[in-house]
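Read the structure below first, then the notes.
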Amino acid sequence: MRRPIVAGNWKMHKTAAEAVELVEGIKPLVAGLDVEVVVCPPFTSLQAVRAILANSAIGLGAQNMHWERQGAFTGEISSDMLLAAGCSYVLLGHSERRQFCGEDDSLVNRKLACALQADLCPIVCVGETLQEREAGRIEEVVLGQVGGALSGIEASTARAVLWAYEPVWAIGTGVTATAEQAEEVHAMIRHFLAEHLGKAAADEVRIQYGGSVKPENAAELFAQDNIDGGLIGGAALDAGQFAAIVKAAL
Ligand code: PEP
């Protein structure tokens, strides 16, 4: 039985003071629910949010990290820094980073290897653009991203990876994949993972859906066999909406 997980990706929103206010709002609303809840504020708010999360089951995640553990990489943040800031999770390969920061599968692969080695729980984001979907290339693109991220990573280690299927056309657009469209790709990813990790291990892997998830559509998405919760952008910036989405995963 896979435990549902709902993570909030706050993107480049919230100063430290605003982040504290948001997480103070979220904390009581999700307390005691049998859902793994994670918030991913910007780097500059991690420490402040961590302090609020003390004695709470909510996990702390970062939105990105570098692939080396230290060195001359101006402006970058390492896995060890994230661990020291209280993070247990890290988002990798978000489509906005692929689109605006030139991240490709080989870079995501290096970051993934580093996160796994550091014992950070990686949430690897994959998903096709509308153009790729319309060209019938969903499988090639999404499984190419999954396979690319896992390149050279031992199956025994790869089973610790969390995945987020986020069709690019659904992110921040208000257009959500239908439950059937999402389930089809989630099942495809799990089938692919079964070939690489073995069926038993793949059956344990959690695959979140992301892309305009709202309280109104979350329950139907999360009810699908292969959807194990969500990665939430816009709606994660509102405590009430985020908590309603978490409850939809119960
Ligand atoms: C995201 O950025 O990961 C995301 C899913 O955003 P939104 O929920 O706003 O579509």
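In each ligand, atom 1 is the first atom listed, and ligand 1 is the first ligand listed.
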**Q.** Polar proximity ligand 1 side, E166 side, N/O cut 3.5 Å exclusive
**A.**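 Yes.
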Q. Just checking, is any N or O donor in the side chain of Y89 or E36 under 3.5 Å from an acceptor N or O on the other one?
A.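 Yes, side-chain donor-acceptor contact under 3.5 Å.
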Q: Indicate whether any N or O donor in one side chain lies under 3.5 Å from an N or O acceptor in the other, for T129 and E132.
A: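 There is such a pair between these side chains.
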Q. Is G211 in contact with ligand 1, taking contact as a heavy-atom separation below 4.0 Å?
A. yes
Q: Return yes when C125 approaches ligand 1 closer than 4.0 angstrom through a heavy atom, no otherwise.
A: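 No, that is not the case, since the closest heavy atom of the residue is not under 4.0 Å from the ligand.
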Under 4.0 Å to a heavy atom of [X] - the qualifying atoms of ligand 1, by number:
{"X": "G234", "value": "7 (P), 8 (O), 9 (O)"}
{"X": "A170", "value": "10 (O)"}
{"X": "G172", "value": "7 (P), 9 (O), 10 (O)"}
{"X": "G233", "value": "4 (C), 5 (C), 6 (O), 7 (P), 8 (O), 9 (O)"}
{"X": "N9", "value": "1 (C), 2 (O), 3 (O)"}

Q: Starting from atom 1 (C) of ligand 1, find the nearest protein heavy-atom neighbour and note its residue, name and distance.
A: H94 NE2, 3.2 Å
Q: Kindly determine whether Q63 and F43 satisfy side-chain contact (heavy atoms from CB on, under 4.5 Å), including the steps that lead there.
A: CA-CA 8 Å; Q63 299 174 18; F43 292 134; 5.8 Å; no
Q: Can you establish whether the number of heavy atoms outside E220 located under 6.0 Å from its atom CD is more than 12?
A: no
Q: State plainly whether the residues E128 and R133 are in salt-bridge range, i.e. N to O under 4.0 Å.
A: yes
Q. Does V90 share a hydrophobic cluster with I153, counting links as ILVMFWY side-chain heavy atoms below 4.5 Å and allowing steps through other members?
A. yes
Q. Does H186 offer a backbone N or O that forms a donor-acceptor pair with the side chain of N226 under 3.5 Å?
A. no
